[in-house]
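Note sheet for the following structure.
Every heavy atom of this structure was used, including side-chain atoms; hydrogens, water molecules and symmetry mates were not. Counting starts at 1 for both ligands and their atoms, in listed order. What you see is a predicted model; the values in this text were computed from it and never measured.
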Amino acid sequence: MPTSSKKKAAAQTFRAQQKSPHIRSSGTTPSAPRGMHDILPPDQKYWEYVLEIAMQVMRGWDFQRLDTPMIEEAGLFIRSVGAESDIVTKELFELKSRGGSPAYVLRAEGTAPIVRAFIEHGLRSWPKPIKLCYAGPFFRYDRPQAGRYRQFHQFGMEVFGSAAPVTDAQLMYVQHVLLRQLGLEEYVFLLNTLGDQADRTAYIRALKEHYRRHVRKLCRDCKARLKTNPLRVLDCKEEKCQQVAYTAPRLLDTVSDEAQAHFTQVRTLLDELKVPYEIAPGLVRGLDYYVRTVWEVVPRRPGDPPTGSQTSLGAGGRYDHLVKALGGKDVPAAGGAFGIERLIDAIRREGIDLQLTDTPSVFVAQLGAQAKVGALRVMRLLQEAQIRFAESIDRDGIQPQLKLAERLNVAWVVVVGQKEVIDGTVILRNAESGMQEVVRQEDLVTELRRRLNVPQG
Ligand code: HAM
């Protein structure tokens with residue numbers, strides 16, 4: 001940085017510190033925050049691919065989009081995800097608020113904000129079931145590692161007003177359809193039931209009793225969890241804790257008859273719909289709002305043994321009491337969400353051909369001041385016709401432009417010169433053979449579509 005810019009930057013930092021004493025500049029070259037990523041141009045095609053199919057499938061199944069703010073009151077997550085959950089105790093990004101209360105946090109997941117909006121805007125009066133969907137960034141102050149970030153992206157869907165097992169099955173079916181449409185094949189739904197709240201209280205008692213008998217074999221975290229969040233000891237990844245979990249009583253065997261019947265119906269429907277699933281008696285999920293059906297989608301073929309470091313592509317479950325717990329009326333609900341980064345990893349791993357060529361097949365070159373305006377008009381024509389093009393409007397000589405076109409490996413170059421602007425034509429040049437012909441501007445899109453083998457619009 002030149003000295004004058006350095007001085008200016010230092011002065012700016014100083015002024016900012018005067019205003020907000022907690023703001024400090026490290027002085028080093030800034031980089032993206034730990035666990036957060038820039039999405040560079042070559043990766044964008046994956047994001048476009050996933051989001052386009054996600055929105056197409058969710059909208060196609062009549063889910064209506066609802067966007068919520070990036071920040072929420074901390075209390076929303078404490079009352080929904082749970083005061084003792086990992087998300088609330090360790091992973092919330094707290095914001096320094098200027099006015100004190102309420103305390104705001106970056107949103108850590110999508111369900112609680114959607115429920116908040118559902119109550120706030122009285123959506124309960126809409127015709128049922130009320131089906132909502134969303135997509136965007138979420139934030140958890142987690143330890144960054146492969147597939148686990150501090151800023152990650154989810155898209156999800158939530159259904160309000162139905163307590164029926166068919167709704168749980170429908171949600172998983174839509175997720176299955178979506179994964180297939182993305183081209184994925186290596187995944188399985190892990191399924192469990194948490195029963196109702198009374199079942200859970202009785203189960204936690206039995207679980208604590210079992211674990212107390214083996215407490216010396218547990219890791220330090222699990223010893224603490226046993227007091228604060230006993231269900232979570234079941235999905236600890238430590239080998240010694242997994243051994244204790246293996247002999248623990250199963251939630252599945254202790255839930256009420258109603259919850260059992262609900263679960264059986266969900267399973268029957270999934271069998272009929274051919275959704276690949278396995279029962280996972282130890283799956284408890286880390287969010288307190290769930291009752292009855294819960295699931296995770298993991299990236300492995302059905303029947304293959306689980307791998308230690310398995311991370312889920314997506315997850316979901318029923319949360320019949322959350323609307324009421326957050327101050328609304330008693331409205332049953334269920335939903336599910338996918339992590340976009342993890343879907344992209346799976347797409348790469350499975351070597352799926354995106355069939356979305358992100359590289360332009362046309363280059364627009366120009367020669368002369370007047371021709372730059374003409375070239376910009378040609379670019380507009382191409383953009384409106386959805387023909388991807390590259391260009392270098394600031395360059396003057398034709399040779400550097402042709403060289404660039406060659407480097408970009410385009411099939412056709414559209415050359416606009418002074419004469420062509422006056423005549424209302426362009427020169428269409430085959431990049432490989434160098435053969436040129438004159439085409440009238442109004443015919444350009446048709447001619448290019450024919451040569452590029454894309455359907456005429
Ligand atoms: P979740 O299991 O916490 O559930 O997150 C859902 C998905 O988000 C995960 O399966 C994973 O793909 C992705 N994900 C979560 N944390 C991270 C992270 N740190 N880095 C990268 N990806 C991550 C929920 O959030 C629930 N709201 C799902 C739901 C919707 N339940 C009912 N409706």
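Pairs engaging residues 207-261 under the ring pair (Phe, Tyr, Trp, His ring centres under 6.0 Å) rule: His210-His214 [sequence neighbours left out]. Applying the ring pair (Phe, Tyr, Trp, His ring centres under 6.0 Å) definition to pairs two or more places apart or across chains, those involving residues 313-349 are Phe155-Phe338, Tyr289-Tyr319.
Every atom of ligand 1 is numbered from 1 in the order shown, and the set under 4.0 Å from a heavy atom of Gly316 is 31 (N). Interface atoms of ligand 1 facing Ser312, defined by a heavy-atom separation under 4.0 Å, are 9 (C), 10 (O), 11 (C), 12 (O). Atoms of ligand 1 lying under 4.0 Å from at least one heavy atom of Gln154, given by number and element, are 5 (O), 6 (C), 7 (C), 8 (O), 24 (C), 25 (O). For ligand 1, the atoms lying closer than 4.0 Å to a non-hydrogen atom of Gly335 are 30 (C), 31 (N), 32 (C), 33 (N). Those atoms of ligand 1 with a heavy atom of Gly147 less than 4.0 angstrom away are 20 (N), 21 (C), 22 (N). Here is the list of ligand 1 atoms found below 4.0 Å of a heavy atom in Phe152: 14 (N), 15 (C), 16 (N), 17 (C), 18 (C), 19 (N), 20 (N), 21 (C), 22 (N), 23 (C).
Surrounding CD of Glu384 are more than 12 heavy atoms belonging to other residues, nucleotides or ligands, all under 6.0 Å away. Other residues, nucleotides and ligands contribute at most 12 non-hydrogen atoms within 6.0 Å of the OH atom of Tyr141. Within a 6.0 Å radius of NZ in Lys223, more than 12 heavy atoms belonging to other residues, nucleotides or ligands are found. Within a 6.0 Å radius of CD in Gln181, more than 12 heavy atoms belonging to other residues, nucleotides or ligands are found.
Using a non-hydrogen distance threshold of 4.0 Å, Tyr141 does not register as a contact of ligand 1. A heavy-atom separation below 4.0 Å is found between Arg285 and ligand 1. For Gly314, the heavy-atom gap to ligand 1 drops under 4.0 angstrom.
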> Should Gln175 and Trp295 be marked as a side-chain hydrogen bond (donor to acceptor under 3.5 Å, both in side chains) after you check the CA-CA gap, both sets of side-chain angles, and the distance that decides it?
Replying inline: CA-CA 11 Å; Gln175 289 195 322; Trp295 68 87; 2.9 Å; yes
> How far apart are the C-alpha atoms of Arg107 and Thr68, what are their side-chain angles, what is the distance that settles it, and do they pass the side-chain hydrogen bond (donor to acceptor under 3.5 Å, both in side chains) test?
Replying inline: CA-CA 9 Å; Arg107 61 183 186 179; Thr68 62; 3.3 Å; yes
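The nearest protein atom to atom 16 (N) of ligand 1, hydrogens excluded, is given as Arg140 NH1, 3.4 Å; this is a heavy-atom distance. Atom 27 (N) of ligand 1 has Glu109 OE1, 2.6 Å as its closest protein atom, hydrogens excluded (heavy atom only). Scanning the protein for heavy atoms near atom 28 (C) of ligand 1, the closest one is Tyr290 OH, 3.6 Å. Among protein heavy atoms, the minimum distance from atom 11 (C) of ligand 1 is reached at Arg342 NH1, 3.4 Å. In terms of protein heavy-atom proximity, atom 19 (N) of ligand 1 is closest to Tyr149 O, 2.9 Å.
With Ile87 as the fixed residue, the side-chain contact (heavy atoms from CB on, under 4.5 Å) test singles out one of Leu92, Asp288, Ile78: Leu92.
Of all the heavy atoms of Phe155, none lies under 4.0 Å from any atom of ligand 1, so neither backbone nor side chain is involved. Residue contacts with ligand 1, taken as heavy atom pairs separated by less than 4.0 Å, involve Glu158 solely via side-chain atoms from C-beta onward. Under 4.0 Å from ligand 1, not a single heavy atom of Thr311 appears. Contact annotation for Phe138 and ligand 1: no heavy atom of the residue comes within less than 4.0 Å of the ligand. When heavy-atom distances to ligand 1 are checked against a 4.0 Å cut-off, Arg150 has no atom that comes that close, whether in backbone or side chain.
Formation of a donor-acceptor pair under 3.5 Å by the Glu94 side chain with backbone atoms of Ala103 is not found in this model. Side-chain N or O atoms of Glu341 include none that pairs as donor or acceptor with a backbone N or O of Gly147 at under 3.5 Å.
No N or O atom of Arg148 sits closer than 3.5 Å to an N or O atom of ligand 1. Taking distance alone, with nitrogen or oxygen atoms compared against 3.5 Å, Gly339 approaches ligand 1 more closely than that limit. Remark: ligand 1 and Gly336 share an N or O pair separated by less than 3.5 Å (distance only, no angle test).
Residues Tyr187 and Arg180 form a side-chain contact, since some pair of their non-hydrogen atoms from C-beta on lies under 4.5 Å apart.
Comment: Arg150 does not engage Asp142 in a salt bridge, judged by the lack of any side-chain N to carboxylate O separation of less than 4.0 angstrom.
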